[in-house]
Number of protein chains: 2
Amino acid sequence: MKKRALLQGQDLSTQIAEAIRDAIVAGDLLIDARLPSEAELADHFGVSRPTVREALKRLAAQNLIRTQRGATGGAFVNRLSFEDAYDQQITTSTLLLSMNAVDFDTACEARYALESACADLAATRRTPDHLATMRAEIHRQSQPGLTDEAFCASDVAFHRALVDGAGNPVLSYQLAGAIEAMQPLMNMITFTARSRAAIIALHQHIADSIEAHHGEAAEQGLAELCSYTQTLAKQVLASRAQRAKN
Amino acid sequence: MKKRALLQGQDLSTQIAEAIRDAIVAGDLLIDARLPSEAELADHFGVSRPTVREALKRLAAQNLIRTQRGATGGAFVNRLSFEDAYDQQITTSTLLLSMNAVDFDTACEARYALESACADLAATRRTPDHLATMRAEIHRQSQPGLTDEAFCASDVAFHRALVDGAGNPVLSYQLAGAIEAMQPLMNMITFTARSRAAIIALHQHIADSIEAHHGEAAEQGLAELCSYTQTLAKQVLASRAQRAKN
DNA sequence: AGACGATTAATTGTTTGACAATTAAACGCC
DNA sequence: GGCGTTTAATTGTCAAACAATTAATCGTCT
């Protein structure tokens, strides 16, 4: 039972998790490399197996490792896929917004600022696939009888297609959080037939601009969409305040 | 020992962690609310305490809960702070880039595209504080004898000041990952005296533009910085390939 | 009555030891 | 050589305990 110096004053499981994470980040443990068994790790760090397990669960929660049972099982360093990172980012962003009372204007401004950054690239690189997705979502949005939630979900899909059109996975990853995290806030807005029509028209304009490789026109459409959305939110808030007074 | 239906086929600790996380996200557990004790949770879910602990460690790894020892201790729902989210995003982004062989151009393009999105807002809203930070970092960058790592670190600080100047915490959060995650890639570049001078001149130009409330000029400076950085990286790669041949 | 110290109870942190479930490899048999 | 069986390694889970920490409670003294 080798004792290992793990200086800090936190939980043992935290310290061990950090030690292993550092080893991964530093490249001492390559992707798909197998970690020592729980018993060996316990030995190595001079702690019991449950403590090691708690550390491994921490890492698993961050998608840094995966575990497998059986004879050749164990914990393996996980390749952090863009998919996994998307999901993490979305849940983190959603919680962040809901827990910190970020006001609608701020979130909205951030989202459209980021999207504008993609518009130019998307106008250059978009494939027919991206355009088709955008058109399909626009079509879905004009269906009558769509719930507000479904309308928002389609809105998210439209904007993700726009972002993906930039053909830069790093951008897609970064913006996934910003766009999806907005949805709960957007869901609070009641979309009247008239406001839906206005939004759809702007979507149409943006899609047309992207198709025509006009980045600036797309950016302008996004800016209008941003301010219109903010106006809508203000109306909702105002009418809600009105109702509260009565 | 009440048995609870936790249908899925994963680890018990995973299922329990998800159940609790869902309760938090759904708002059944408010911020700073205390979870039942480990013993009670074990009872409630019909599992042993170590299993519950593994679940709690998973949540702790995501900063969703914090734990406290002692008589009034327990697990409490954590307010996910922007600080915590920054850190998570940075480590995730860094790993994502290092594990997925994202090429320098892609990361660079994403970073500067996102920063450009902030330039306009920063030009409007920057405070003297932000400007002072930018100037200070420019000054640091012109110190002779600075290591490449220190130069890059200062570069990151400069750009974070620019982003923070937009005065939108959501933007700052989203971009923290993009900017900081680039640093390991940037660190691989050797900055000659001449290339440093060129970068500093561009930084100067950007800072001047931000100070003068000229968003477009700042954006242009960023674009130049982007392409210059990409050129530098290409040179480094080429000379490395050259050396490998000999 | 009020202040202060010791006790107590609740809770998380950690250990030990065991058993179940799973999986691949080794073995033996045909 | 091919195929089932055994075996060994490993993670998943449980049970029961003890240590460490912390706040409340109680008792005593002034």
Side-chain angles (χ1 to χ4, degrees), chain A residues 1-21 24 29 32-78, chain B residues 1-21 24 29 32-78:
Chain A
M1 217 200 271
K2 238 182 279 179
K3 284 269 173 180
R4 252 281 170 117
L6 287 173
L7 12 142
Q8 298 150 23
Q10 305 173 38
D11 299 16
L12 288 174
S13 70
T14 305
Q15 296 172 42
I16 292 168
E18 279 177 8
I20 297 175
R21 197 199 54 190
I24 294 174
L29 291 165
D32 292 334
R34 183 181 172 282
L35 272 65
S37 71
E38 294 175 354
E40 287 171 316
L41 286 172
D43 222 38
H44 181 265
F45 288 111
V47 299
S48 65
R49 195 159 82 93
T51 303
V52 167
R53 282 182 62 80
E54 287 178 9
L56 293 180
K57 294 309 172 194
R58 294 185 111 104
L59 298 175
Q62 300 174 268
N63 278 313
L64 279 172
I65 61 169
R66 62 181 184 279
T67 54
Q68 223 175 356
R69 292 223 272 204
T72 59
F76 298 85
V77 178
N78 214 7
Chain B
M1 217 199 270
K2 238 181 279 178
K3 285 270 172 181
R4 252 282 169 117
L6 287 173
L7 14 141
Q8 296 150 23
Q10 305 175 43
D11 298 16
L12 288 175
S13 70
T14 305
Q15 295 172 41
I16 292 168
E18 278 177 9
I20 297 176
R21 197 200 54 190
I24 294 175
L29 291 165
D32 291 334
R34 182 180 172 283
L35 272 65
S37 72
E38 294 175 354
E40 288 172 315
L41 286 172
D43 221 38
H44 182 265
F45 288 110
V47 300
S48 65
R49 198 158 80 91
T51 303
V52 167
R53 283 181 61 79
E54 288 178 8
L56 294 179
K57 294 307 172 194
R58 295 184 112 105
L59 299 174
Q62 299 173 272
N63 277 313
L64 280 173
I65 60 169
R66 61 180 184 280
T67 54
Q68 223 175 357
R69 290 224 273 205
T72 59
F76 298 85
V77 178
N78 214 7

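Keep in mind it's a predicted model, so treat the numbers as computed, not measured. Labels below follow one simple rule: chain letters A, B, ... track the order of the sequence lines, proteins then strands, and each chain is numbered from 1. Atoms considered below: every heavy atom in the structure, side chains included; atoms not considered: hydrogens, waters and symmetry mates.
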E38(A) CD to dT13(D) P, in whole Å, measures 11 Å
request  = Give a yes/no on whether any side-chain N or O of T67(A) is located under 4.0 angstrom from OP1 or OP2 of dG12(D).
outcome  = yes
note: D11(A), atom CG; dT11(C), atom P; distance rounded to Å ~ 18 Å
Expected list for residues 52-61 of chain B near DNA chain C, using heavy atoms below 4.0 Å, is R53(B), K57(B)
In whole angstroms, the gap separating C1' of dT16(C) from CG of D43(A) amounts to 14 Å
- Message: If you define the side chain from C-beta out and look only at heavy atoms, does anything of V52(B) sit under 4.5 Å from H44(B)?
- Response: no
L12(A) atom CG is separated from dA19(D) atom C1', nearest whole Å, by 12 Å
Check your understanding: With a 4.5 Å heavy-atom cut-off, do K57(A) and D11(B) have their side chains touching?
Key -> yes
From CZ of F76(B) across to P of dT22(D) the rounded distance in Å is 13 Å
Could R66(B) and D32(B) be called an ion pair, given the rule that one side-chain N must be under 4.0 Å from one carboxylate O? yes
In whole angstroms, the gap separating C1' of dT12(C) from CZ of R66(B) amounts to 15 Å
Taking N and O atoms by type only, does the side chain of R49(B) place a donor or acceptor under 3.5 Å from a partner on the base of dG13(C)?
yes
Sub-3.5 Å pairs of nitrogen or oxygen atoms, protein against nucleotides 25-28 of chain C:
none

5'-most contact on DNA chain C (nearest-nucleotide basis), G70(A) vs E40(B), goes to E40(B)
Between P36(B) and L41(B) the two heavy atoms that sit nearest each other are O-CD1, 3.6 Å
- Side chains of L56(B) and I20(B): does their closest heavy-atom pair fall under 4.5 Å? yes
Margin query: I'd like to check E18(A) versus R58(A) (side-chain heavy atoms, cut-off strictly below 4.5 Å). Are they in contact?
Written below: no
Sorted by chain and residue number, the salt bridge (charged side-chain N to carboxylate O under 4.0 Å, His left out) partners of R53(A) (sequence neighbours excluded) come out as E38(A), E54(B)
Looking only at dT13(D), dT10(D), dT16(C), the nucleotide nearest the R34(A) side chain is dT10(D)
Per nearest nucleotide of DNA chain C, the residue lying toward the 5' end, A39(B) or Q68(A), is A39(B)
Atom CD1 of I16(B) and atom P of dG12(D) are separated, to the nearest Å, by 14 Å
Query raised in the report: Side chains of N78(B) and L64(B): does their closest heavy-atom pair fall under 4.5 Å?
Result: no
The nucleotide from dT15(C), dC14(D), dG13(C) with an atom nearest the side chain of R69(B) is dG13(C)
Taking every heavy atom of A61(B) against every heavy atom of A61(A), the minimum-distance pair comes out as CB-CB, 4.2 Å
